[in-house]
A.B. asks: 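My questions all concern the structure below.
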Amino acid sequence: MPDTLPGTLPPRLDATVMAMVVVREFFDGAVVNLGIGIPMHCADVIPPDREVLLHSEHGLLGFGPLLRTAEGVDPYCFIVGNRPVQPQPGMVYLSHDESFSIIRGGHIDITVMGGMQVDTEGNLANAHPPGKPAANLGGAQDLATCAKRTMIMMYHTASDGSPKVVERCTFPLTAPRCVDRIVTDVAVMDLEGGHIVLREVAPGWTPEQVQSITGARLVVADDVREISLV
Amino acid sequence: MIDKTVASFDEAVSDIVDGAFLHMGGFASPFNMPSYLIAALARSGARDLTMTTTSASTGPENAKRLASALADVVTWPQDYWEPGLLAQLGQIRKLITSFPTGTGNVVWPFEERLNAGEAEVEVTGQGSLAERIRAARAGIAAFYTPVGPGTVVAAGKEIRDFEGVPHVLEHALHADFALIRAWKADRYGNLVFRGPRTFNETMAGAARVTIAEVDEMVPLGDLAPDRIHTPGVYVQRVVVRPSTPPASWEEPC
């Protein structure tokens with residue numbers, strides 16, 4: 001194996017592998033809400049030995065993966081962005097108010113959403129990009145505040161290379177002190193008592209390399225290890 | 001005799017005047033959007049509307065792009081009109097919504113109005129929007145929710161702790177008209193929905209007049225009492241969608 005050049009970093013995980021890291025936590029019977037975008041990859045990699053109920057804010061509980069061909073499409077069974085999903089036995093349609101009673105009432109076990117910034121307090125910003133006149137809150141505020149566990153699945157750095165894991169969010173908050181775990185393309189981090197604890201690193205990465213592209217000081221767990229998918 | 005059927009969409013929206021406050025149902029899908037009511041509103045030209053809606057919506061041009069991007073998976077019907085059309089025509093003064101703008105580089109018609117200073121927005125989380133509307137239907141003036149404290153949506157609102165958790169006081173939203181889409185109705189206005197019921201079910205009864213656009217009218221008694229989603233007491237008008245779509249939204253219907 002060639003030596004790594006100074007200043008170059010190991011390869012990052014792709015979205016499918018990130019999703020496989022996230023779904024390790026989807027226990028049999030879990031009720032899970034997946035945000036649109038990168039978290040939807042999770043729907044494709046849920047282990048078949050577990051029954052996981054996927055929830056969508058507009059009134060859908062217990063649906064299957066995104067459909068990418070016309071086969072099996074029920075146009076009434078879709079998620080946001082009008083993307084048809086696989087209807088599943090046991091699936092339930094709901095109204096918006098019932099759907100958010102499920103969220104606000106604490107009946108969602110795990111919510112997985114994208115992030116623009118997460119800070120050391122577990123504050124989350126993911127709704128108001130610079131240059132837009134107003135925030136797109138969607139259901140993120142309700143989910144991040146009320147789900148039993150809030151996981152952020154995002155690339156470790158923004159497209160311009162700037163860090164997304166930061167000391168203090170500078171973008172408007174979606175919800176304060178809500179994040180439990182961050183899964184990125186280079187690391188798994190937990191929010192604990194005002195600290196970001198580095199638990200796992202992508203294969204080939206050192207904690208120092210992860211720190212070098214992070215905008216907040218990471219506390220390296222004593223048992224920090226390489227990410228594995230089991 | 002109770003018969004809430006109205007003969008045309010134009011007639012159904014004829015008393016929605018300038019400055020009216022509307023609940024607009026649907027959720028970014030041709031299959032649950034009250035498209036014909038929106039088209040009728042576009043034809044009526046009613047202006048300065050205040051509207052609650054889950055999303056400001058893409059507008060006709062972006063919708064066409066989305067439809068072609070999804071063409072291999074699902075065929076969108078021609079008769080799909082959404083609130084973005086009303087924004088494009090300059091009929092919306094204010095939206096109360098959870099999703100006012102396009103994502104990435106995509107700019108929606110309502111966003112253009114916002115940027116031009118020709119419209120205003122009250123951004124609210126989708127759950128608080130849903131509950132504020134449900135509360136109006138249920139006669140609840142206001143409620144405390146744990147969602148919002150520490151963010152812009154709580155600015156200027158009362159905060160109160162319950163068991164050590166800050167809650168924000170949110171007020172009910174009662175509209176002049178609610179425009180919703182359902183699948184089947186009878187002449188009492190009892191409704192059955194198909195697919196996710198979204199804001200369509202939530203908004204029924206949260207307005208002085210609820211107007212339901214439906215795919216099918218069935219004889220009284222055909223809807224099983226234990227399968228009805230929305231009781232007719234929440235609904236004042238029912239209009240049936242035409243079996244053959246018109247060429248454009250401009251055609252009277």
Side-chain angles (χ1 to χ4, degrees), chain A residues 36-37 56-61 63 66-71 73-84 92-104 106 123-125 127-129 131-146 172-178, chain B residues 25 27-32 54-56 63 66-67 70 72-77 97-104 111 114-115 121-131 133-135 137 145-153 183 193-204 229-230:
Chain A
I36 197 67
S56 189
E57 292 94 302
H58 63 303
L60 193 47
L61 177 64
F63 60 93
L66 276 175
L67 293 171
R68 296 179 175 86
T69 68
E71 195 186 339
V73 164
D74 171 358
Y76 287 85
C77 185
F78 66 97
I79 58 166
V80 66
N82 231 306
R83 285 161 180 83
V92 183
Y93 291 129
L94 308 158
S95 68
H96 247 98
D97 59 274
E98 193 72 54
S99 180
F100 279 85
S101 294
I102 287 177
I103 298 171
R104 204 185 304 99
N123 297 318
L124 170 66
H128 195 165
K132 286 290 186 180
N136 280 337
L137 285 175
Q141 201 165 55
D142 305 80
L143 285 158
T145 304
C146 301
L173 294 189
T174 303
R177 288 178 293 282
C178 58
Chain B
F27 187 84
S29 162
F31 303 98
N32 70 10
T54 181
S55 158
L66 275 173
L70 287 170
D72 291 343
V73 187
V74 64
T75 304
W76 282 15
T97 185
S98 69
F99 217 93
T101 77
T103 53
E111 191 178 344
L114 271 185
N115 287 332
V121 66
E122 178 185 336
V123 177
T124 171
Q126 216 169 89
S128 295
L129 182 62
E131 191 62 12
I133 295 167
R134 195 204 67 84
R137 179 181 78 212
T145 169
V147 180
T151 75
V152 289
V153 306
W183 182 31
F193 298 85
R194 186 171 172 191
R197 300 197 286 279
T198 69
F199 275 97
N200 290 316
E201 184 181 22
T202 301
M203 289 171 169
H229 294 121
T230 292

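Here is the naming used below: chain letters follow the sequence lines, and residue numbers restart at 1 for every chain. Worth saying up front: this structure is predicted, and the values here are computed from it rather than measured.
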A.B. asks: Chain A: which of B/Gly127, B/Gly125, B/Gly148, B/Ala56 shares the most heavy-atom pairs with it under 4.5 Å?
C.D. replies: B/Gly127

A.B. asks: Find the distance between OG1 (B/Thr97) and CG (A/Asn136) and round it off to the nearest 0.5 Å.
C.D. replies: 8.0 Å

A.B. asks: Examine whether an atom of A/Val80 lies under 4.5 Å from a heavy atom of chain B, and if so say whether it belongs to the side chain, the backbone or both; otherwise answer neither.
C.D. replies: both

A.B. asks: For the atom pair CG (A/Leu94) and CD1 (A/Ile102), what is the distance rounded to the nearest 0.5 Å?
C.D. replies: 5.0 Å

A.B. asks: A/Pro75 versus chain B, heavy atoms under 4.5 Å apart: side chain, backbone, both or neither?
C.D. replies: both

A.B. asks: With a 4.5 angstrom heavy-atom cut-off, which part of B/Pro149 approaches chain A: side chain, backbone, both or neither?
C.D. replies: backbone

A.B. asks: Mind ranking A/Pro133, A/Pro172, A/Ala140 by heavy-atom pairs under 4.5 Å with chain B and telling me who comes out on top?
C.D. replies: A/Pro133

A.B. asks: Are any side-chain N or O atoms of B/Ser98 and backbone N or O atoms of A/Leu137, one a donor and one an acceptor, separated by less than 3.5 Å?
C.D. replies: no

A.B. asks: Checking heavy atoms, do the side chain of B/Arg194, its backbone, both or neither come under 4.5 Å from chain A?
C.D. replies: both

A.B. asks: Among A/Ala135, A/Pro176, A/Gly139, which residue has the highest count of heavy-atom pairs closer than 4.5 Å to chain B?
C.D. replies: A/Ala135

A.B. asks: Mind ranking B/Gly195, B/Ala130, B/Pro196 by heavy-atom pairs under 4.5 Å with chain A and telling me who comes out on top?
C.D. replies: B/Pro196

A.B. asks: Kindly give the heavy-atom pair with the smallest separation between A/Glu57 and A/Ser99, and that separation in Å.
C.D. replies: O-OG, 2.7 Å

A.B. asks: Between A/Arg104 and chain B, which part of the residue has a heavy atom less than 4.5 Å away: side chain, backbone, both or neither?
C.D. replies: side chain

A.B. asks: For A/Thr145, is it the side chain, the backbone, both or neither that has a heavy atom under 4.5 Å from a heavy atom of chain B?
C.D. replies: side chain

A.B. asks: Which atoms of B/Thr54 come close to chain A, meaning under 4.5 Å heavy atom to heavy atom: side chain ones, backbone ones, both, or neither?
C.D. replies: side chain

A.B. asks: State the OG-CE distance between A/Ser95 and B/Met203, to the nearest 0.5 angstrom.
C.D. replies: 11.5 Å

A.B. asks: About how many Å separate SG of A/Cys77 and OH of A/Tyr93, when rounded to the nearest 0.5 Å?
C.D. replies: 4.0 Å

A.B. asks: Taking all heavy atoms of B/Trp76 and all of B/Ala63, pick out the closest pair and write down the distance.
C.D. replies: CZ3-O, 3.4 Å

A.B. asks: Who wins among B/Val74, B/Asn200, B/Ile133, B/Leu129 for the most heavy-atom pairs under 4.5 Å with chain A?
C.D. replies: B/Val74

A.B. asks: Which bit of A/Ser56 is near chain B, if near means a heavy-atom gap under 4.5 Å: side chain, backbone, both or neither?
C.D. replies: neither

A.B. asks: Does any backbone or side-chain atom of A/Tyr76 lie under 4.5 Å from a heavy atom of chain B? Answer side chain, backbone, both or neither.
C.D. replies: both

A.B. asks: Compute whether any side-chain donor of one residue and acceptor of the other, for A/Gln141 and B/Thr151, lie under 3.5 angstrom apart.
C.D. replies: yes

A.B. asks: Rounded at 0.5 Å granularity, tell me how far OG1 in B/Thr202 sits from NE2 in A/His58.
C.D. replies: 12.5 Å

A.B. asks: Of all of A/Leu143, A/Asp142, A/Asn123, which one pairs up most often with chain B through heavy atoms under 4.5 Å apart?
C.D. replies: A/Asp142

A.B. asks: With a 3.5 Å distance limit and no angle check, can you tell me whether A/Lys132 reaches the backbone of A/Ala127 through a side-chain donor-acceptor pair?
C.D. replies: no

A.B. asks: Out of A/Asn82, A/Asp74, A/Leu173, A/Thr174, which one racks up the most heavy-atom pairs below 4.5 Å with chain B?
C.D. replies: A/Asn82

